[in-house]
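Have a look at the structure below, then the notes.
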Amino acid sequence: MSSLWFLSGLVLLAALWQLLKRKKSNLPSYLRGPRPKSWLFGNQVEVFLSQAGEANRRWKSAYGLVYKYKGCFGDEYLVLNDANAFQHVVKGQTTKYVLDNALREFLRLVTGEGLIWADGTAHARQRRLLSPAFTPVFIKSLAPTFSSCVSRLVSQWSKRIDAEAGPDGYWKVDAYNWLELLTMEAIGSTAFGVHFGALEGQEHPLRTAYTKLISNNYSRPTKLSIALGAAALHIPASLVHHVQMLPLPGLHQLSEAKRVSRKWAHDLMVQKRIELAADSQVTDRDFLTVLVRAGEKNEKDKVDKMSDEEIYNNLTTFFIAGYDTATNTTSFALIEVARHKECQEKLYRELVDVLGSPADRDLADGFSADLLDRMPYLQAVMKETLRYHAAIHSGLFKAAQDDFIPLSQPIETPDGRVKTIPVKAGQRIICAADGLNRSEEVWGPLAGTFQPERWLRSDPVTIPLDKQCGGVYANLGTFGGGPKVCIGWRFAILEISIFVAAIVREFELDLVHPDWDLWRDGSFIGTIPMENGHVELGPQCPLRIRRRQTPVQRTASPA
């Protein structure tokens, strides 16, 4: 342990040396921000130990849509809640605004050199090779598989209700753990063509390796962890691979998870190549098939083939990117539906009207993605959940060159109104997706409340240009934008929509305690549901559920 602390000290010294050589901030003096608590930690402790986006919302209210704050060691961050500014940065990704070299090296430790890690031409090439797995037609074809997976969850919960429900018919459950199993099963089936059996109690090394990897290791970090994480951004990129030797939370679990996933991916690839060799006409029915095909020379030789190493890295990237985020977003949706009874009842009536009751139809028989178009309220609930609880609450970028960032709302200064913010190369910038999603300037005075009905009253297309953030879906910052927009956004929306539809159609939902207080944990950059005052218990979605008592009268036949 002493050697690890010694190495930690070396990393901090290396970071401090780099910082001493850096110029002072070049941000304009008219930008305001909170006073730092100390030079060592700046305002970073406030950011990491408050709820996701909470510090940003407080500072945005005090200092405006664009402000600055101090990080560890006197570093300075420019924070953007302005729609035009957000759009400008995300559109400039991979060229004008990039990942810091040290941060890219850290991502290499987490996912390898996959799509999230890549920048510039490497990113464009990987995205082109992966794109066949994310076309609208291909994603829609996965709906029956999502439906089949969630039907297995419904079956398991029904069995538990039969065995464990109280006299009132309610069964108490931490749904979060079950939703992890459901998400893993869905990713296994749709992305890799693998049946894990997780919902039926079968253990799989991959689940053991990745379960709560982020929440266990990045929630409520210690001050030492905060300082070391900040220091890692300033040491030479070539040294970052040594970070895995540091006493940072989760690095041992991360190393083991990568080892397990690599072996698993290798075995899957071997099987898939045997399958394709036996029948070259096999359709691209899962993500793995597309990746393995990308490992062969494309017929026009316009793009270099994807190496085995890149396939491993993108398998890991897809699993990490889709596992926690889908579980967290589904949990938030169920929590909101459980505590908003009118919303739950309205959603249930629409579901039965379109899908029929559970007695009419078993969703395990299949679910057409086109049915979602006939359920506007379900879509409204999904959009509001993604707005109100952004799965990724913020993104960190670095200016690769000097630039001027345009603003939707000019800043008043002693010298007049400013419509652009000048930034120098190397400036670190935070795009606050959560702040933009809850911005009163965009969404009105009730932006801070959960209201699915807002999506039935207005169309994001009608939002003025100066309030559009460049988000790929519903003017939300949740999936980012520009060339690095989340490639799996359609996958996520379809998956979560079907999960919520099947669960709400089958069960009445209540919170375990009416006064249960949600804590939106800002672990790393993800937003995770926990209980206020009991974050040590980890992610939660505490529900009381029972079978629907009285089916509503349907007005349409199921498709």
Side-chain angles (χ1 to χ4, degrees), residues 144-189 194-208 211-212 215 323 326-328 330-339 341 344-345 347-348 351-352 355-367 495-496 498-516 518 529-531 534 537-552:
T145 306
F146 288 136
S147 178
S148 177
C149 288
V150 72
S151 292
R152 288 162 52 202
L153 173 77
V154 166
S155 176
Q156 291 297 318
W157 281 10
S158 294
K159 292 177 182 177
R160 293 299 185 96
I161 289 174
D162 290 339
E164 302 172 23
D168 57 359
Y170 279 101
W171 171 54
K172 296 180 180 180
V173 57
D174 180 1
Y176 191 92
N177 294 325
W178 284 92
L179 294 174
E180 280 190 314
L181 301 179
L182 173 60
T183 302
M184 181 177 185
E185 203 64 53
I187 291 177
S189 297
V194 174
H195 182 88
F196 290 119
L199 288 166
E200 290 74 32
Q202 296 181 34
E203 283 294 333
H204 190 280
L206 202 64
R207 174 177 177 256
T208 303
T211 293
K212 297 181 176 64
S215 61
Y323 182 49
T327 301
N328 295 333
T330 307
S331 295
F332 279 123
L334 295 183
I335 289 170
E336 295 296 351
V337 167
R339 64 183 181 182
K341 291 299 183 182
Q344 183 177 168
E345 182 62 20
L347 176 57
Y348 171 61
L351 291 169
V352 172
L355 301 176
S357 70
D360 297 325
R361 178 183 183 184
D362 184 351
L363 294 185
D365 295 335
F367 184 104
E495 173 188 29
I496 298 166
I498 293 175
F499 289 173
V500 171
I503 291 170
V504 173
R505 188 187 72 139
E506 188 81 29
F507 304 109
E508 294 181 39
L509 309 179
D510 281 313
L511 291 175
V512 169
H513 303 293
D515 57 350
W516 185 81
L518 174 65
M530 297 185 181
E531 182 179 5
H534 295 284
L537 298 178
Q540 292 188 48
C541 180
L543 301 177
R544 295 168 65 240
I545 68 171
R546 69 177 179 181
R547 289 191 183 88
R548 290 285 175 184
Q549 301 297 298
T550 30
V552 299

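Scope of the values below: all heavy atoms of this structure, side chains included, with no hydrogens, waters or symmetry mates.
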To the nearest 0.5 Å, what is the distance between [atom1] ([X]) and [atom2] ([Y])?
X: L363; Y: L355; atom1: CG; atom2: CG; value: 6.0 Å
X: S147; Y: I498; atom1: OG; atom2: CD1; value: 6.0 Å
X: F499; Y: L179; atom1: CZ; atom2: CG; value: 8.0 Å
X: F196; Y: I187; atom1: CZ; atom2: CD1; value: 8.5 Å
X: L543; Y: Y170; atom1: CG; atom2: OH; value: 11.0 Å
X: L334; Y: F507; atom1: CG; atom2: CZ; value: 11.0 Å

message: Is the ring pair W171/W178 parallel, tilted or perpendicular, if the boundaries are 30 and 60 degrees?
response: perpendicular
query: Are any side-chain N or O atoms of R160 and backbone N or O atoms of K172, one a donor and one an acceptor, separated by less than 3.5 Å?
result: no
message: Please check: side-chain N/O of S189 versus main-chain N/O of E185, any donor-acceptor pairing under 3.5 Å?
response: yes
- request: Pick out which of I335, L518, N177, D174 makes a side-chain contact (heavy atoms from CB on, under 4.5 Å) with Q540.
  value: D174
When you compare the side chain of [Y] with that of [X], does any pair of heavy atoms fall below 4.5 Å?
X: R505; Y: V154; result: no
X: R547; Y: D162; result: yes
X: H513; Y: E531; result: no
X: L509; Y: I503; result: yes
X: L181; Y: Q156; result: no

query: Should the heavy atoms of other residues, nucleotides or ligands under 6.0 Å from NE2 of H195 be counted, would the total exceed 12?
result: yes
- prompt: Knowing that exactly one of E508, E164, E506 qualifies, which makes a salt bridge (Lys or Arg N to Asp or Glu O under 4.0 Å) with R546?
  reply: E508
- prompt: Taking it one step at a time, do L182 and T330 satisfy side-chain contact (heavy atoms from CB on, under 4.5 Å)?
  reply: CA-CA 10 Å; L182 173 60; T330 307; 5.7 Å; no
query: If every non-hydrogen atom of T183 is compared with every non-hydrogen atom of E495, which pair is closest and at what distance?
result: CG2-OE2, 3.9 Å
query: Minimum heavy-atom separation for V150 to A502, with atom names?
result: CG1-CB, 3.4 Å
- request: Please check if any side-chain donor atom of S331 sits under 3.5 Å from a side-chain acceptor atom of N328, or the reverse.
  value: no
